[in-house]
Q: 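One structure follows; several queries about it will come next.
By convention in this document, chain letters (A, B, ...) are assigned in the order of the sequence lines, proteins followed by strands, and residues within each chain are numbered from 1. Excluded from the calculations below are hydrogen atoms, water molecules and symmetry mates; all remaining heavy atoms, backbone and side chain alike, are included. As the structure is a prediction and not an experimental result, all values here were calculated from the model.
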Amino acid sequence: MNNLSISEKAFNLLNGVVCLYKPAGVPLKGCRHSLLLKLCQDLNASGVRSPEKRVFISGDTTKQLRIKVKPSYADDVLVVGPRFQSEDFKCIWTTHLGMRVSGVCIMGLNQGTKMARNLQNNYPIRTYHLHGQLGLMTKNMHIDGQVVEKGRFDFIKRENFDKLMSTIQASNQKKMFQLAQVDTQSQMAYDLAIKGLIRPVSNKEPLIYGIKCISLELPHFIVEVNIINEYENYLLSLVHEIGLKLRCSAACTAIRCIRYSSFTIDQALLMKHWNLQFVLDNIRECNSVYAKMRKLPSFITEESYFENKANQMNI
Amino acid sequence: MMLTKRLLSFKINNQKELFRFFCSSNNTLETIKLNQIQWPKEYSDSPLEPNVTNVSTISPALRPTFNLAAYVNESYSLQQLVKLGVELYKFDSNPKIMETILKLDFERDMKPYIRFIHDIGVPTEEMGKFFTKNPLLFAEHMDDLITRINYLEHKNFNKEMITTIIRKHPQWLSHSTVDIDTSLGFFQNKFYLSGDNVRNLVTKLPKLITWPKKSVNLIMFSLNEEMGFNRSERKRLLLIQPKLYTMSKNHLLQRFDYIHNTMNINHDRIVLEPQVLSCRLFRIKQRHEYLKYLNRVQYDPTKPNYVSLLKLVSGTDSEFCLNIAKTSVEMFNSYLKTIQ
C-alpha cells in the first residue's frame, strides 16, 4: 500500500489548524494566497506521481495488433498543469483581521476547516497590543491618515492613564451582564459568574474583559486589551476614545494580536517560514493544543452549538 | 483525476464560445470516403466470421475542447512540444494561442523555427521555457525573424549579446524592427546615452526596451519631480539598475520615502548603491529597525561600524544576522514578532 508519492503523503498530513503571524499591510486574502502558493510549490517540488499509463493499440485490424503501454501524454505535468494547485486546498480563517492588524492569525486547512469553525463558535478571547501616539488626531484614527489636530500631551501622567483604564474595564463588566440579559444583583448572575467568563449571546457586540496600560513613554503608549467580538475599526476608535478621555488626542500606530484563545505568538509562523516543513510542524503543534481545548467542559462543539441555538429559539 | 477536475471546473460562463478547432485528422468531413470499407456479404447472418476489413484508419472525430490535454495523445506535433519541455497548460487560458498551435505541423512549421532559435544560441534545455513564453513565434514569418536579428547585428551587437537578449526576453523577436528602433531612439535621446551605453542597457534588461513607454515616462516623472533626482543621477540609475524603470510607481515611491526620510539617506548615497531601491520594503524595514534596536545603525562610511546599503539588503536573513547584525537568527526572528 506504499505506492503514494511523498507529496501525496505530505498533502494528507495537511489537515488541521495552522497559526500564522500576519504582517500588517497585507489583507488576509493575500496571506492565504501566499501560504497556499508556497505549499503548492513545495509539494510539487517534492516528487509527484508519474503520469498514468495508457494503452496504445495500433496496426492493421485484419492482422495481429500491436499493443503498447506507454505513459499518457494527457496526464503529463507539462500538459495538465502542476499536480497540486491552490484550488485543491480548503482554507478558511477564523477571525477576520483587518489590513492594518498584524499578529496571530489562525487558519484551518482541509479537514481543519471544521476545527477553525468550532474555534470561532467558542467566542475565543483575543489579546491585542494597541500602540498609540498622543497629541495627534488623524482623519481615519490611524497614523497613516491625514492629520486633523495636534496638541499638548505633557500633562498626562501614569495615574491618569490607569484610572481611565479601570473605568473602561468597570463599565464593560457591567455591560457583560447586560448582554447576558441578567440582573447584576440576582442569583442567576451569580450562577453565571461562577461558571467562568460570561460570553455574549450575540457575536456582534464587542466586549472588553480586561484593559491595561503596559508602557507609557510620552508620546507613545501601549495598551493591552483582552477583547471579544472586536473588529479593526472598534480597536482604532478605542485608541481614539482613550485620547479624548485624557483631554488630548491620540492616533493608533499599530495593532498587534498577541494571543488567540490558547494560541500564542510563540507558535505563530513568520511569513518567511510559510513553507511545507514549518507548516507541517506547526499543524502538529496546533492540533495538540486544539485537542487539549476540546477536552475542556466549556468547549462548544458543533452539536452542542446547534442544540444551544435550538434552545434559544424555543425560549 | 486532475484532468477531469480541470475539465469539469471550467466555467462555461466565462468562455461562452466553443472553439471548434481545425484538426489535422484524416477523417474530417472532406476526406471521409464511404467506399473505403467493404462489408462482407450477408454480414448480419454471419457475426462470427472473421473480419476482413482494415478499420485502423477510422477513428472517432475529435471533439471540441477547452484545453490541449484532450488532443495531445493524438497529435504528433504536440507530443514533440511536450518532449521539448513546453508547458502546454499555460496556453489553455488563451484560445488564440491554442488555435495557432493546433494548426501547426511539427516537421513542416515548427522545425525551422526551433533550428533558427538554436542557431541564435539558445541551449536545448531552455527551449521549452522559451516557447512557453513566446508560442506565437511560430506564427511569425521567417524572413521577419532574420531581419530582426540582422538589425541587431547592424547596430553592432555581437553574437553573445544577441544570445543574451533572446534568452532573457523571448518576446523580443515578436516585436518589429521599427518598434525596437523607435524604442532604442527614445532611450538614447531621453537619457543622452552613447552607443555602448545603449548596448549595455539592452543586454542588461531587454524587457525594458519593449516595456510600455507610458510607464517608463511615469517613472521618469516620479524620479524627477517627486523624488528629486537630477538628469545625470537618473541616467546612472538607468545604467546600474534598469529594473527601477519597470517597477510600479507607488512601490518605488514608498521605498524611496522610507529610505530617504526615515533612514535619512541622501540622494548621492542612493545613486551610489541603487540596488537598495529594488529591495522589497518590508525587508528594508525589518532589517533597519532591527539594527536600530541593536544600536548598530551607521550608514556613514567615514565612521566606524559602517553598514553598506548593498550589504543591508542582499543576502539571506541568516547571512544578515551573522555578518551585519552579529546576533543569532532566533533573536532576529523573535524580534520580528514584536514589530508590525
Q: Does a sphere of radius 6.0 Å around CD in Q64(A) hold more than 12 heavy atoms from other residues, nucleotides or ligands, not counting ones at 6.0 Å or beyond?
A: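 It does not: Q64(A) CD has 12 such atoms or fewer within range.
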
Q: Can you name the closest pair of heavy atoms from K337(B) and Y21(A) and give their distance?
A: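 That closest heavy-atom pairing would be O-OH, 3.2 Å.
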
Q: What are the two closest heavy atoms between N73(B) and S72(A), and how far apart are they?
A: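 Looks like ND2-OG, 3.2 Å.
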
Q: Would you compute the distance between atom CD of Q79(B) and atom OH of Y73(A) and round it to the nearest 0.5 angstrom?
A: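 Answer rounded to 0.5 Å: 4.5 Å.
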
Q: Could you tell me which portion of V104(A) (side chain, backbone, both or neither) has an atom closer than 4.5 angstrom to a non-hydrogen atom of chain B?
A: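 Nothing of V104(A), per the 4.5 Å heavy-atom cut-off to chain B.
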
Q: Does a side-chain heavy-atom distance below 4.5 Å link R256(A) with I339(B)?
A: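 Sidechains of I339(B) and R256(A): no contact.
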
Q: When rounded to the nearest 0.5 angstrom, what distance separates OG1 in T338(B) from CD1 in I258(A)?
A: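 T338(B) atom OG1 to I258(A) atom CD1 measures 11.5 Å (nearest 0.5 Å).
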
Q: Identify which of T132(B), L68(B), V86(B) forms the greatest number of heavy-atom pairs closer than 4.5 Å to chain A.
A: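 The residue among T132(B), L68(B), V86(B) with the greatest pair count is V86(B).
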
Q: Against chain B, label T253(A) side chain, backbone, both or neither, depending on which of its atoms sit under 4.5 Å from a heavy atom there.
A: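 Only the backbone of T253(A) comes within 4.5 Å of chain B.
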
Q: Please check if atom NZ in K90(A) has more than 12 non-hydrogen atoms from other residues, nucleotides or ligands closer than 6.0 Å.
A: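 It does not: K90(A) NZ has 12 such atoms or fewer within range.
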
Q: Which region of H273(A), side chain (C-beta onward) or backbone (N, CA, C, O), has a non-hydrogen atom less than 4.5 Å from a non-hydrogen atom of chain B, or is it both or neither?
A: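 Just its side chain gets close to chain B.
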
Q: Taking NZ in K29(A) as the centre, count heavy atoms belonging to other residues, nucleotides or ligands within less than 6.0 Å. Is the count above 12?
A: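 No, NZ of K29(A) has 12 or fewer neighbouring heavy atoms, counting only those of other groups under 6.0 Å.
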
Q: Does the side chain of V82(B) reach to within under 4.5 Å of the side chain of D76(A), using non-hydrogen atoms?
A: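 Touching, per the 4.5 Å side-chain cut-off.
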
Q: At a heavy-atom separation under 4.5 Å, does K83(B) approach chain A through its side chain, its backbone, both, or neither?
A: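 Interface part for K83(B): side chain.
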
Q: Could you tell me the separation between the CG atom of L78(A) and the CG atom of L81(B), rounded to the nearest 0.5 Å?
A: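 Between atom CG of L78(A) and atom CG of L81(B) there are 10.5 Å.
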
Q: Got more than 12 heavy atoms from elsewhere within 6.0 Å of CD, Q111(A)?
A: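 Incorrect, the count does not exceed 12.
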
Q: Side chain, backbone, both or neither: which part of Q286(B) has a heavy atom under 4.5 Å from chain A?
A: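 No part of Q286(B) comes within 4.5 Å of chain A.
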
Q: Give me the atom names and distance for the closest heavy-atom approach of A69(B) to A74(A).
A: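 Heavy atoms only, the tightest pair is O-CB, 3.4 Å.
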
Q: Can you confirm whether R280(B) is buried at CZ, in the sense that more than 12 heavy atoms of other residues, nucleotides or ligands lie under 6.0 Å from that atom?
A: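 Counting neighbours around CZ of R280(B), 12 or fewer heavy atoms of other residues, nucleotides or ligands fall under 6.0 Å, so no.
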
Q: Return yes if some donor-acceptor pair links the side-chain N/O of Y89(B) with the main-chain N/O of P82(A) below 3.5 Å, else return no.
A: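 Here the side-chain-to-backbone pair does not exist.
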
Q: Is it true that, when you exclude Y293(B) itself, more than 12 heavy atoms of the residues, nucleotides or ligands shown sit nearer than 6.0 Å to its OH?
A: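 No - once you tally the heavy atoms of other residues, nucleotides and ligands closer than 6.0 Å, there are 12 at most.
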
Q: Could you look at R100(A) and say if it's the side chain, the backbone, both or neither that has a heavy atom under 4.5 Å from chain B?
A: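 Just the backbone, heavy atoms under 4.5 Å.
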
Q: Please report the C-alpha distance between N333(B) and K272(A) in whole Å, then the side-chain angles of each, then the deciding distance to 0.1 Å, and finally whether the side chain to side chain contact (heavy atoms under 4.5 Å, CB included) criterion is met.
A: CA-CA 10 Å; N333(B) 287 346; K272(A) 60 178 175 181; 2.7 Å; yes

Q: Name the option with the most non-hydrogen atom pairs under 4.5 Å to chain A; the candidates are L78(B), D317(B), V72(B).
A: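 Looking at each of L78(B), D317(B), V72(B) in turn, V72(B) comes out on top.
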
Q: So which of S102(A), P23(A), G25(A) has the biggest tally of heavy-atom pairs under 4.5 Å with chain B?
A: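 The option with the most such pairs is S102(A).
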
Q: Does Q277(A) have more than 12 heavy atoms from other residues, nucleotides or ligands lying within 6.0 Å of its CD?
A: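 No, the 6.0 Å shell around CD holds no more than 12 heavy atoms from other groups.
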
Q: Is the number of heavy atoms from other residues, nucleotides or ligands under 6.0 Å of L281(B) CG greater than 12?
A: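 Yes, because the 6.0 Å sphere around CG of L281(B) holds more than 12 heavy atoms from other groups.
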
